[in-house]
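We number each residue from 1, following the sequence as shown. The structure displayed is predicted, hence computed values, not measured ones.
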Amino acid sequence: QVQLAESGGGLVQAGDSLRLSCAASGFSFSTTAMGWFRQAPGKERGFVAAISWSTTSTRYADSVKGRFTISRDNAKRMVYLQMNSLKSEDTAVYYCAAAPSGTIWSPIAGYDYWGQGTQVTVSS
């Protein structure tokens with residue numbers, strides 16, 4: 001059974017940092033590209049960051065470049081999203097997703113497995 005479980009969300013002030021974690025199970029994690037997406041109220045779910053199975057390649061949305069860092073630990077089957085210099089516009093539910101047949105360039109439709117999401121709220 002595939003499971004992706006996000007944690008680490010919360011309420012922070014603008015300028016603060018948070019680290020999101022995602023625990024994966026039930027699929028071949030070490031050969032799967034992973035991504036983080038987010039959905040703000042009234043908006044579509046959008047891409048945040050992705051990392052290749054080998055960790056050698058990453059991709060970021062322009063809105064988070066230089067502030068967010070995606071990483072993974074294949075031995076622990078974990079994916080992380082370090083978020084620094086948070087802004088009010090980063091407020092959203094953040095989702096971890098897996099693209100077993102895809103790459104870091106896969107569109108949202110290329111991600112087959114999704115977590116339940118974790119809320120991040122940034123107050124200004």
Side-chain angles (χ1 to χ4, degrees):
Q1 182 181 359
V2 173
Q3 285 193 322
L4 292 173
E6 303 95 337
S7 61
L11 172 62
V12 297
Q13 293 188 334
D16 285 352
S17 298
L18 271 179
R19 188 173 89 148
L20 304 184
S21 300
C22 173
S25 61
F27 63 99
S28 182
F29 179 80
S30 63
T31 61
T32 297
M34 300 293 297
W36 286 96
F37 294 77
R38 66 186 181 186
Q39 187 167 19
K43 294 188 177 181
E44 293 187 352
R45 192 172 300 187
F47 172 77
V48 175
I51 186 167
S52 63
W53 63 269
S54 63
T55 76
T56 56
S57 298
T58 57
R59 183 168 76 100
Y60 297 92
D62 288 343
S63 59
V64 307
K65 276 182 185 176
R67 299 188 299 121
F68 290 12
T69 302
I70 187 171
S71 62
R72 66 190 293 166
D73 185 329
N74 285 342
K76 295 182 179 179
R77 302 178 65 88
M78 297 289 295
V79 182
Y80 307 99
L81 186 68
Q82 178 67 42
M83 306 185 295
N84 298 331
S85 302
L86 282 162
K87 305 175 182 180
S88 58
E89 50 262 45
D90 295 319
T91 294
V93 177
Y94 283 72
Y95 297 91
C96 174
S101 302
T103 71
I104 62 170
W105 301 101
S106 292
I108 191 170
Y111 286 79
D112 296 326
Y113 309 136
W114 293 82
Q116 293 299 308
T118 185
Q119 176 71 47
V120 172
T121 303
V122 184
S123 64
S124 55

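In this structure, OG1 on Thr58 lies 9.5 Å from NZ on Lys65, to the nearest 0.5 angstrom. Here Arg72 contributes atom CZ and Ser52 contributes atom OG; the two are 7.0 Å apart, rounded to the nearest 0.5 Å. In this structure, CG in Leu11 is found 5.5 Å from OG in Ser123, a value given to the nearest 0.5 Å. Distance check: Gln13 CD to Ser88 OG gives 12.5 Å after rounding to the nearest 0.5 Å. The structure places CZ of Arg77 at 9.5 Å from CG of Leu4, a figure rounded to the nearest 0.5 Å.
Among all heavy-atom pairs drawn from Ser106 and Gly110, the shortest one is CB-CA, 4.4 Å. The nearest pair of heavy atoms linking Ala40 to Ala92 is N-CB, 3.8 Å.
Proximity of Phe68 to Leu81: side-chain heavy atoms (C-beta onward) are separated by under 4.5 Å at one or more points. Looking only at side-chain heavy atoms (C-beta outward), Ile108 and Arg45 come within less than 4.5 Å of each other. Between Asp73 and Phe29, the closest side-chain pair of non-hydrogen atoms is not below 4.5 Å. Looking at Val120 and Leu18, their side chains come closer than 4.5 Å, going by heavy atoms from C-beta outward. Side-chain atoms of Tyr60 and Thr69, non-hydrogen and from C-beta on, do get closer than 4.5 Å to each other. Taking the side chain as every heavy atom from C-beta outward, Trp36 and Val79 approach each other to under 4.5 Å. Between Gln82 and Ser17, some side-chain heavy-atom pair lies under the 4.5 Å cut-off. No side-chain heavy atom of Tyr111 sits under 4.5 Å from any side-chain heavy atom of Met34.
In the hydrophobic clustering, Trp105 connects to Ile104, either directly or through intervening members, whenever side-chain heavy atoms lie under 4.5 Å apart.
Ser30 contributes no side-chain N or O that, together with a main-chain N or O of Asn74, makes up a donor-acceptor pair within less than 3.5 Å. Formation of a donor-acceptor pair under 3.5 Å by the Glu6 side chain with backbone atoms of Gln116 is found in this model.
Residue pairs meeting the side-chain hydrogen bond (donor to acceptor under 3.5 Å, both in side chains) criterion with at least one member in residues 20-29, sequence neighbours excluded, are Ser28-Thr31.
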Would you give me the side-chain donor-acceptor pairs under 3.5 Å for residues 93-100, sequence neighbours excluded?
from, atom 1, to, atom 2, distance (Å)
Tyr94, OH, Arg38, NH1, 2.9
Tyr94, OH, Asp90, O, 2.6

Item to complete: Applying side chain to side chain contact (heavy atoms under 4.5 Å, CB included), run through Leu20 and Tyr80 and close with a yes or a no.
Response: CA-CA 6 Å; Leu20 304 184; Tyr80 307 99; over 6 Å; no
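Remark: the Thr121 side chain and the Gln119 side chain contain an N/O donor-acceptor pair separated by less than 3.5 Å.
Under the 4.5 Å side-chain heavy-atom criterion for ILVMFWY residues, no single connected hydrophobic cluster contains both Met78 and Trp114. Taking hydrophobic clusters as Ile, Leu, Val, Met, Phe, Trp and Tyr residues chained together by side-chain heavy-atom distances below 4.5 Å, Phe37 does not share a cluster with Val122.
A cation-pi geometry, defined here as NZ or CZ lying under 6.0 Å from the six-membered ring centre and within 45° of its normal, holds between Arg59 and Phe47.
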